[in-house]
Amino acid sequence: MREYNPKEFEKSTYEIWENNGFFEVDYEKEKNFCIMMPPPNVTGSLHIGHALTFTLQDIIVRYKRMDGYATLWQPGTDHAGIATQNVVEKQILAEGKTKEEIGREKFLKRVWEWKEYSGGTITKQLRRLGASPAWSRERFTMDEGLQRAVRVAFKKLYDEGLIVKGNYMVNWCPKDGALSDIEVEYETHKGKLVYIKYPILDSNEYITVATTRPETYFGDTAVMVNPKDERYKHLIGKKVRLPLTKREIPIIADEYVDMEFGTGAVKVTPAHDPNDYEVGIRHNLDLIKVFDEKGILNENAGEFAGLDRLEAREAIIEKLKNEGFIEKIEEHTHQIGHCYRCKNIIEPYVSTQWFLKKETAKEAIEAANKGEVKFHPAQWKNNYDAWMRELRDWCISRQLWWGHQIPVYYCQNCGNEWASVEEPSECPKCHSKNFFQDPDVLDTWFSSALWPFSTLGWENGKWGKGIKWNEVDLKRFYPNNLLITGFDILFFWVARMMMMGVHFLKEVPFRDVYLHALVRDEHGQKMSKSKGNVIDPLEMIEKYSADIMRFTLAILAVQGRDIKLSENKMIESRNFTNKLYNAARFLKMHKEFFEDLENTEIKTELGKWMYYKFNEAVKNVRNELDEYRFNDAAMTLYRYLWNDFCDWGIELSKVSKESINELGSIFKESLKLLHPFMPFLTEFLYQELSKNQDIEKNTIMLKNFPKTRELKKPTDFDLIIEAIISIRRIKALTQSNFKKAYVLAKLPEMAKEYIKKLAKIEDIEFIKKPIENAIKDISDNLETMVSKKDIDIKPIIQRLNKQKEKMQKEILKFENKLKNKNFLEKAPQNIVEQTKKELNEAKNKLSKIEEELRKIND
RNA sequence: GGUCGCAUAGCUCAGCUGGUUAGAGUACUACCUUGACAUGGUAGGGGUCACAGGUUCGAGUCCUGUUGCGACCA
């Protein structure tokens, strides 16, 4: 047999598969199966989380493809607005320029160049992993067709009044601009709680407010207390003067104030705090901005103008302290929002942005409630529901250049504002040519939200028709059957796809959602570059193989639990592949080629037994894959192939070579069952064992996935195996090498050869009654005896005593159960009967054990 | 603070609708260099299923609480 060199074989075989179009949709098939690839960042590279998600997707896709579905795994990449723009901005900065200096058009050209240059990396890496999407249909969230889909979607929502422009408080990153609520990450922060004294007008009194952000006090437009607070009742309606300024602001009352926190009096800064913003609206307060969009303090901050907001904080505290306005400063732990991209501290900031109104999600919530989409594991539905219930308007505009520019135009002549799918040539109202487009772009997730149908041709215009998508696709592949992705983007992406899908197509975008967990290191730690515990999938693939990487991830992919990955697990999988290779080598030693199972008649007893075991494995793997229990399916394969096929099938076949032909066919069929998990090795071995070794014409990946059959269970070999184990046990226990054994069981003559060879004895006799002067090993379905004189009996007595104890406990348990009237009355009849039967069996066994002990001690 | 999840053999984990003696892999012990494989084979030891209550004829499995860990939201 040829040596197996995974690195070479995986690369060359992948090319053959791809070049022959094996990954493409076979429109001849009747049943459809569609799954979208969550588009990775176009300029990114493969990390372990990708390896997991794409492995799981590929397993399902290969399974469905083999099982006769017209299978579409839609590939593509995402333009990743902020991330990509940041990379290119840095490059330009390194050249000593800013993006403003080179201008929008030239900058975008640079980004496109960067995209062209680095865009192929991740798709190349996906190929290395063995992923089998329909590459010819690869899309990019900013390709022409998808740009059109985005503009159409925007215009529809705009015209329906669901997209609106508003001057609201948003999460503002001084570097990246406006962010949506979920793009903010909260972290516990040890800060200071500063108590500032505000002098009350026409009085010697002060009112003290506590704040974590003293630099915003220049924007205060009120001091607020709880109307029930006795301490401050007399001050309501009076005025205070802001320290270091001439500005006077009122003391107002509002139930909203927490009397317990700080001093019970709070400063109100409507321009820089979301809660104060609401208060400001309620009480008609002015909005005074203290810093600009870059976080630089403005003229309202007096002498501090020009400082960065965070630098200013210390300076302001210092000054206030010197002037006697600070009462005290306390340590204070609180949550601070950071930009998910650049980690800068987020500021609540009032600005004009575009919002998608939460009402858009109404139908999506209903659809989920009706069970039109199923979550795996099911508990994610709770999270989804909770989030959807508390949904807020989605801020969709971003102050970036890279992305889908908002298709809204403003006429400078008549002031008209309109959305347009096509680039307009004039204002539709006054026909002026003096208009401009909104400079902002859309949140990246806006285009991803359309992915399940935009890639199927929805509103793509003529672009890509017949090449990237076909007319029938929306009908055949929408709703998609399944979505597999990480739980971390449930809100970012899954929920938004639901919203858009239901809104535009009146149907949920997918029937099943499988959310997998995070991959952690072997100690359960999150992988991070700074910790140095990152496992690089590409390194692992180089070191082991794509198959081994895939199988390891699959066998660890338990629903609802994080994956702890270690190199030890990889080694276990490697040992498994070695076992498979050697099993094939054994088969090939006896026969060069094997037929596929459909052309082989299973005639021998061993063949039938093996076929039965195989069929059980097929049944289990199918069920487990249908329920997305990847770990169970992988484990079933591992156990079936190693324990059943190799340890027993192959070993037993050494007794009589007549079964090898059948075992070879069953093995080839087993490779098909394993193929989705280990596409390359199974292809290699399948070819090695086949007469026609032409992958192009005989690839395993397009063979039928094994079907389950109704089979009668052959029992002889179960007994043979039990007898072999029993004899081996006596040998191991007594460390003696006897030549003859007796087995009390009904077995055919042919069993003798198998038992003799595998248990390594010279003579075996099947008996109907126990023999004298022998010791026994009692197992579940038979008894094995060896002449007493041949062996040391002490260990046997030990085992018998142990068994006796265990049996007595058992019997007691059953008897108590059967003594219990309630049990007899309330438990189902069959359970009662079963218990009685079990009790009898246990008693039977106990008496045998006791008798045996008596005899031995005689 | 709110919501959710997890806790089973030394380690990593299965155990789906409650019903035989709670299972794997790995590690451990002993034996085996028998022509597929030492990345192997054979046999064995190892668990009061986190704790406390409850429901039930019956609980690792359902309910409540406690402790510990984790995630998400505020």
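Hydrogens, waters and symmetry mates are skipped; everything else that's a heavy atom, side chains included, is used. Chain naming here is simple, since letters A, B, ... match the order of the sequence lines and numbering starts at 1 in each.
You'll find the ring centres of A:Phe9 and A:Phe680 outside the 6.0 Å limit. Annotation: A:Trp172 is in aromatic contact with A:Tyr349 [ring centroid separation under 6.0 Å].
Taking the P atom of each, B:U26 and B:A7 are spaced 23 Å apart, rounded to whole Å. Look at the P atom in both B:A30 and B:A22: the space between them is 28 Å, to the nearest Å. The separation of B:A9 from B:A50, taken at their P atoms, amounts to 8 Å, rounded to a whole angstrom. Taking the C1' atoms as reference points, B:U56 lies 25 Å from B:G47, given to the whole Å. For the P atoms, the distance from B:C63 to B:G19 is 15 Å, rounded to whole Å. A distance of about 50 Å separates the P atoms of B:U3 and B:G44, rounded to the whole Å. Straight-line distance between the C1' atoms of B:U64 and B:G70: roughly 22 Å, to the nearest whole Å. Taking atom C1' in both B:G18 and B:C62, the straight-line distance is 7 Å, to the nearest Å.
If you check every strand for non-hydrogen atoms under 4.0 Å, A:Arg574 touches a base. Among the heavy atoms of the strands lying under 4.0 Å from A:Asp632 are primed sugar atoms or P, OP1, OP2 only; no base atom is included. When heavy atoms are screened at a 4.0 angstrom cut-off, A:Arg639 is found touching the sugar-phosphate backbone but no base atom. No contact: A:Ile571 has no heavy atom under 4.0 Å from any strand. In this structure, A:Asn568 reaches neither bases nor backbone, as no heavy-atom distance under 4.0 Å exists between it and the strands shown. Counting any heavy atom pair closer than 4.0 Å across all strands shown, A:Trp642 reaches sugar-phosphate atoms only and no base atom. Residue contacts shown for A:Lys654 include a base, since a base heavy atom lies under 4.0 Å away.
Look at A:Lys756 and A:Glu762 and you find no salt bridge, because none of the NZ, NE, NH1 or NH2 atoms lies under 4.0 Å from a carboxylate O. Look at A:Lys619 and A:Glu616 and you find a salt bridge, because one of the NZ, NE, NH1 or NH2 atoms lies within 4.0 Å of a carboxylate O, short of that distance.
Taking side-chain N and O atoms only, A:Arg561 has a distance below 4.0 Å to OP1 or OP2 of B:A7. One finds a side-chain N or O of A:Lys579 lying less than 4.0 angstrom from the OP1 or OP2 phosphate oxygen of B:G41.
Of the candidate nucleotides B:G25, B:A14, B:A36, B:G25 has the atom nearest to the side chain of A:Asn643. The side chain of A:Asn582 lies closest to B:C37, out of B:G25, B:C37, B:A43. Listed nucleotides: B:U34, B:G41, B:A36. Nearest to the side chain of A:Lys760: B:U34. Of the candidates B:U39, B:U12, B:G44, the closest approach to any side-chain atom of A:Lys564 belongs to B:U12.
Rounded to whole angstrom, the span from the CG atom of A:Asn575 across to the C1' atom of B:G25 amounts to 11 Å.
Relative ring orientation between A:Phe487 and A:Trp380 is described as parallel, the plane-to-plane angle staying below 30° on a 0-90° scale split at 30° and 60°.
Residue A:His590 is the one, among A:His590 and A:Ile725, whose nearest nucleotide of RNA chain B lies closer to the 5' end (criterion: closest heavy atom). Heavy-atom nearest nucleotides on RNA chain B were determined for A:Met635 and for A:Phe487, and the one closer to the 5' end corresponds to A:Met635.
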